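Encoded as structure tokens, the structure appears first; notes follow it.
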Amino acid sequence: MELVDEVRKGSVRALAKLITFVENEMPGGVEAMEKIYPFTGNAYIIGITGPPGAGKSTLTDRITKELRSQNYTVGIIAIDPTSPFTGGALLGDRVRMQGVSSDDNVFIRSMATRGSLGGLSRATSDTVKILDAYGKDYIIVETVGVGQDEVDIVRTADVSILVVMPGGGDDIQAIKAGIMEIGDIFVVNKADRDGADRLVTEIKMMLGLSSTEREWTPPIIKTVATEDQGIGTLVEKIKEHREFLVKSGTLAYRRKERIRTEIIKIVEHEIYRYMDGLIAENKDLFEQRLESIINKKEDPYLLAKQVIEIIAKRISRNTSV
């Protein structure tokens with residue numbers, strides 16, 4: 001595909017077009033990703049998550065500035081929630097990243113979750129690969145805001161940074177265990193506010209109470225992103241964590257598990273597409289069967305089994321060709 005070749009040559013315009021092409025699942029998107037894949041695996045992926053209002057975008061902006069001062073190139077994927085009413089999203093992170101948005105060596109892409117329960121859409125993973133193949137040294141993925149089910153970031157990033165702030169109500173209780181366990185590095189942002197030291201103590205206690213044995217003890221960094229305080233230390237810890245992952249072999253393990261998860265997601269997505277197409281082709285019949293199930297003349301398990309059998313035959317037929 002010509003667009004992939006242009007991306008590999010460094011065309012920013014082609015980069016933006018290819019991401020849009022893949023995000024919108026245009027015909028040829030899978031072939032484009034097949035061509036991109038051999039050039040991936042060089043970038044280091046930083047995931048930034050945390051409650052809304054913790055200052056994730058400002059922190060992303062300042063981390064990027066610090067990395068740029070060290071001559072690294074950076075790609076940023078800023079995730080925003082999809083509206084349940086319009087399907088659109090308020091993609092406003094560029095506004096909060098004005099410090100780096102005009103830098104030619106920084107590429108910022110805002111994306112919607114598109115209803116993904118884990119917080120990241122499938123297109124996020126593909127965009128990471130495209131930016132990687134384009135040649136970015138670091139790729140930062142900033143999530144919408146942490147929730148109990150928003151753990152996709154740990155399956156996408158090499159290092160997960162959990163950002164919290166003092167004065168957020170019940171502080172650490174607001175995000176709970178589970179989410180706490182995904183943090184490789186903890187950041188107490190807005191640390192000039194009252195309660196910052198108490199929050200640090202609470203995180204230490206929470207980590208101490210965790211039954212999970214860790215080879216890496218997550219550092220807790222206090223920052224005031226708006227004032228550039230603590231950013232240099234945070235970037236140093238990101239690099240230390242990378243060295244730990246490489247020396248311990250954990251980086252290779254994580255990336256292998258990421259590929260395993262991604263393959264399963266691709267298969268699930270393809271099966272969904274087959275099922276969606278099948279229902280659309282037989283809309284009237286499907287509605288009749290639904291009514292029959294509602295009236296207890298049939299059960300949903302039989303219909304599901306029949307749908308699976310039809311999909312399996314179609315896949316088999318396409319594979320044999």
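Basis for what follows: all heavy atoms, side chains included, without hydrogens, waters or symmetry-related copies. Numbers here simply count residues along the sequence, with the first being 1. If you're wondering where the values come from, they're calculated on a predicted model, not measured in any experiment.
The shortest heavy-atom contact between K222 and A196 is CD-CB, 4.4 Å. What you find for V164 and P51 is that their closest heavy atoms are CG1-CD, 4.3 Å. When all heavy atoms of E215 and S248 are compared, the pair lying nearest together is OE1-CB, 4.3 Å. Closest of all the heavy-atom pairs between V128 and V141 is CG2-CG2, 4.0 Å. In this structure, D299 and L302 approach most closely via the heavy-atom pair OD1-N, 2.8 Å. Looking at every heavy atom in both residues, P27 comes nearest to F21 through O-CZ, 3.1 Å.
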Residue pair E6, K17: steps toward the side-chain contact (heavy atoms from CB on, under 4.5 Å) verdict: CA-CA 10 Å; E6 292 300 313; K17 287 180 68 175; over 6 Å; no
Salt bridge (charged side-chain N to carboxylate O under 4.0 Å, His left out) between R62 and E66, worked out: CA-CA 6 Å; R62 299 305 192 272; E66 179 65 24; over 6 Å; no
Steps toward side-chain hydrogen bond (donor to acceptor under 3.5 Å, both in side chains) verdict (S125, K129): CA-CA 7 Å; S125 175; K129 291 190 187 72; 3.1 Å; yes
D158/R258 under salt bridge (charged side-chain N to carboxylate O under 4.0 Å, His left out): CA gap, chis, key distance, verdict: CA-CA 10 Å; D158 295 318; R258 185 188 307 160; 2.6 Å; yes
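Rounding to the nearest 0.5 angstrom, the gap separating the CD1 atom in I221 from the CG atom in L234 is 6.5 Å. The OG1 atom of T156 sits 14.0 Å away from atom CD1 of I46, with the distance rounded to the nearest 0.5 Å. Taking CG from N105 and OH from Y72, the interatomic distance works out to 14.0 Å, rounded to the nearest 0.5 Å. Going from atom CG of L18 over to atom OG1 of T127 covers 8.5 Å, rounded to the nearest 0.5 Å. Note that the CG atom of D126 and the CG atom of D132 stand 12.5 Å from one another [nearest 0.5 Å]. The distance from the OH atom of Y138 to the CZ atom of R242 is 5.0 Å, given to the nearest 0.5 Å.
A 4.5 Å side-chain heavy-atom check between L131 and L15 finds at least one atom pair inside the cut-off. Proximity of I238 to I161: side-chain heavy atoms (C-beta onward) are separated by under 4.5 Å at one or more points. The side-chain heavy atoms of F286 and L303, taken from C-beta on, include a pair separated by under 4.5 Å. Counting heavy atoms from C-beta outward, L162 and I203 have side chains that stay 4.5 Å or more apart. You'll find the side chain of D194 stays beyond 4.5 Å of the side chain of P166, heavy atoms only. Between M275 and V307 there is a side-chain heavy-atom pair separated by less than 4.5 Å. Contact annotation: the side chain of M165 never approaches that of L199 to less than 4.5 Å [non-hydrogen atoms, C-beta and beyond]. Side-chain contact between M33 and I36 is present, with heavy atoms from C-beta onward closer than 4.5 Å.
No continuous path of hydrophobic side-chain contacts links V224 to I48 [ILVMFWY only; heavy atoms under 4.5 Å]. No path of Ile, Leu, Val, Met, Phe, Trp and Tyr side chains, each step under 4.5 Å between heavy atoms, connects V30 with I130, placing them in separate hydrophobic clusters. Note on V246: it does not cluster hydrophobically with Y253, by side-chain heavy-atom contacts below 4.5 Å among ILVMFWY residues. In this structure, Y272 is a member of the same hydrophobic cluster as I310, with clusters built from ILVMFWY side-chain heavy atoms closer than 4.5 Å. There is no path of hydrophobic side-chain contacts, each under 4.5 Å, that joins I266 to I19.
At distances below 3.5 Å, not a single donor-acceptor pair connects side-chain atoms of K56 with backbone N or O atoms of V163. Side-chain atoms of K204 never come within 3.5 Å of backbone atoms of I220 as a donor-acceptor pair (strictly under, hydrogens ignored). Formation of a donor-acceptor pair under 3.5 Å by the T261 side chain with backbone atoms of E257 is found in this model. Panel note: side chain Y134, backbone G10; a donor-acceptor pair is recorded below 3.5 Å. In this structure a side-chain-to-backbone donor-acceptor pair under 3.5 Å is missing from W216 to H241. A donor-acceptor pair under 3.5 Å links the side-chain atoms of N282 to the main chain of L278, judged by distance alone. Remark: the backbone N or O of D137 is paired with a side-chain donor or acceptor of T73 at under 3.5 angstrom.
Checked for salt-bridge contact, D184 and K237 miss the test: no charged N lies under 4.0 Å from a carboxylate O.
Between R109 and T124, the side chains place no donor N or O within less than 3.5 Å of an acceptor N or O (distance only, hydrogens not considered). Side chains of S57 and E142: a donor-acceptor N/O pair is present below 3.5 angstrom, by distance only.
Each of D61, D103, D104 was checked for a salt bridge (charged side-chain N to carboxylate O under 4.0 Å, His left out) with R68, and the lone residue meeting it is D103.
No more than 12 heavy-atom neighbours from other residues, nucleotides or ligands sit within 6.0 angstrom of CZ on R273. Counting heavy atoms of neighbouring residues, nucleotides and ligands inside a 6.0 Å radius, atom CG of N295 exceeds 12 of them.
Note on residues 29-62: no pairs pass ring pair (Phe, Tyr, Trp, His ring centres under 6.0 Å), not counting sequence neighbours.
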